[in-house]
Amino acid sequence: MSLAIITGASGGIGSEFARQLAGLGICDEFWFVARNEERMQKLADELGVKAKIIGADLTSMEGINKVRAALEEEKPKVSFLINASGFGNFGAFDEISEDEVIKMIDLNAKALVLLTHMTIPYMELGGRIIQLGSGSCFTPLPYFNIYSSSKVFVLHYTKSLNYELKKYGIRATCFCPGWVETEFLGKSTANGNTHPKSMKPLLKCEDVVRGCIKASIKGKAMYVTNWYTKLQHLLFKLVPDCILTKLWIGMLEGERKNEKL
Ligand SMILES: NC(=O)c1ccc[n+]([C@@H]2O[C@H](COP(=O)([O-])OP(=O)(O)OC[C@H]3O[C@@H](n4cnc5c(N)ncnc54)[C@H](OP(=O)(O)O)[C@@H]3O)[C@@H](O)[C@H]2O)c1
């Protein structure tokens, strides 16, 4: 048995990973994890694959422990773990409630780490872990502060883990896309707060996921999507943060575009 565990399988990037892995025929079973069970069941039906639907809110230990219980009960051989559950809210530090801040950190960082650590013992030679980072982890981003910081954590954690896992023949890849066409941006700006007006080019889920699967199979520690995001990545290494922050603020809509830095 070759199992793929995919969190965030009810949404854009997570469900696209399921589609492409199913299409490649390299996994014969899937576990889909997220809150919306109906959407995950629909995906399983669409793909016609053997799937376990785990309805879980991964911001809670109760949700995380549902996956742990399934692993302990079934003791599967896991080929892929894809941590795609995540969300981000735009807004200043005092515009996002403490509850939302903690949930962002818990989902994007804590749940990702716990799910990874509990799954590794069930992986064998050739096992692959894909963690959703983001292009937003390349530089500090005011008004996307908590989200981008949580993704910096994911990047450093995954690169280090990739090194530690090498001796077991398992590899971990941090996937850093630019803006991808999913429900993510709509949810991120739902509170009406400042958001980037320059969100183009929006990448297609199919394209970025295809590239990431290839990078993961090759054992890359990091996968940055298209030329535009790669160029950003390079520039962010060369240009000082204070200049990048000014450029970012210039991209934000609303009153913040007139902010004096
Ligand atoms: N789209 C982009 O531009 C972009 C760019 C860079 C990185 N990313 C990252 O890519 C990942 C996937 O995002 P997406 O673009 O596919 O967005 P999406 O369409 O909004 O999907 C987000 C997924 O996360 C799940 N999720 C949210 N809250 C959850 C919770 N409390 N417990 C369990 N699962 C939860 C959602 O499922 P339920 O609501 O059913 O729980 C959904 O399946 C995220 O980590 C995001 O940070 C996205």
Side-chain angles (χ1 to χ4, degrees), residues 5-20 30-44 53-67 81-90 99-116 130-138 141 144 146-155 157-158 173-190 195-196 198-209 211-212 222-226 228-229 232-233:
I5 302 178
I6 306 178
T7 76
S10 65
I13 293 176
S15 59
E16 185 58 29
F17 269 109
R19 275 191 196 91
Q20 294 201 17
F30 290 82
W31 290 3
F32 296 152
V33 189
R35 292 167 302 180
N36 192 323
E37 294 180 44
E38 206 180 311
R39 285 175 73 161
M40 293 189 287
Q41 188 55 60
K42 216 169 144 193
L43 177 67
I53 308 298
I54 305 181
D57 180 348
L58 296 176
T59 60
S60 72
M61 280 312 295
E62 192 192 340
I64 291 167
N65 285 333
K66 281 191 189 177
V67 183
L81 168 66
I82 298 165
N83 276 306
S85 277
F87 82 101
N89 282 339
F90 283 96
D99 185 49
E100 284 294 284
V101 164
I102 296 304
K103 279 186 175 157
M104 244 184 286
I105 297 169
D106 280 352
L107 183 63
N108 298 353
K110 178 176 145 188
L112 177 142
V113 169
L114 292 178
L115 289 168
T116 302
I130 297 174
Q131 316 281 31
L132 260 294
S134 165
S136 72
C137 70
F138 303 150
L141 296 180
F144 210 23
I146 303 299
Y147 176 77
S148 59
S149 302
S150 73
K151 296 298 185 179
V152 176
F153 174 90
V154 174
L155 178 64
Y157 166 70
T158 306
T173 304
C174 185
F175 178 21
C176 299
W179 301 120
V180 186
E181 271 178 355
T182 67
E183 294 169 7
F184 177 85
L185 275 171
K187 292 179 197 165
S188 304
T189 55
H195 64 283
S198 168
M199 292 184 289
K200 303 272 178 199
L202 277 182
L203 303 165
K204 298 263 178 235
C205 247
E206 309 88 85
D207 300 335
V208 296
V209 166
C212 184
M222 181 183 189
Y223 175 63
V224 180
T225 49
N226 60 331
Y228 177 81
T229 318
Q232 274 183 332
H233 185 222

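In each ligand, atom 1 is the first atom listed, and ligand 1 is the first ligand listed. Note that the coordinates shown come from a computational prediction; the quantities given were computed from them, not determined experimentally.
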Would you say [X] and [Y] make side-chain contact, with heavy atoms under 4.5 Å?
| X | Y | value |
| --- | --- | --- |
| Thr229 | Asn226 | yes |
| Leu58 | Leu115 | yes |
| Asn108 | Phe153 | no |

Return yes when [X] approaches ligand 1 closer than 4.0 angstrom through a heavy atom, no otherwise.
| X | value |
| --- | --- |
| Phe175 | no |
| Pro177 | yes |
| Ala56 | yes |
| Gly133 | yes |
| Cys176 | no |
| Lys151 | yes |

Determine, considering heavy atoms only, which of [options] sits nearest to [atom].
| atom | options | answer |
| --- | --- | --- |
| atom 11 (C) of ligand 1 | Gly86, Ala84, Gly11 | Ala84 |
| atom 46 (C) of ligand 1 | Phe32, Tyr147, Phe17 | Tyr147 |
| atom 34 (N) of ligand 1 | Gly88, Gly186, Ser85 | Ser85 |

Region of [X] that comes within reach of ligand 1 [heavy atoms, distance under 4.0 Å]:
| X | result |
| --- | --- |
| Leu107 | side chain |
| Glu181 | neither |
| Lys187 | side chain |

Inset, instruction - Return the orientation label for the Tyr147 and Phe184 ring planes: parallel under 30°, perpendicular over 60°, tilted otherwise. - result: tilted

Counting each atom of ligand 1 from 1 as listed, which ones have a heavy atom of [X] under 4.0 Å away?
| X | answer |
| --- | --- |
| Thr59 | 31 (N) |
| Trp179 | 3 (O) |
| Ser10 | 36 (C), 37 (O), 38 (P), 40 (O), 42 (C), 43 (O) |
| Val180 | 1 (N), 2 (C), 3 (O) |
| Asp57 | 30 (C), 31 (N), 32 (N) |

Inset, instruction - Using atom types as modelled and distance alone, determine if a side-chain donor or acceptor of Thr7 lies under 3.5 Å from a backbone N or O of Ser85. - result: yes

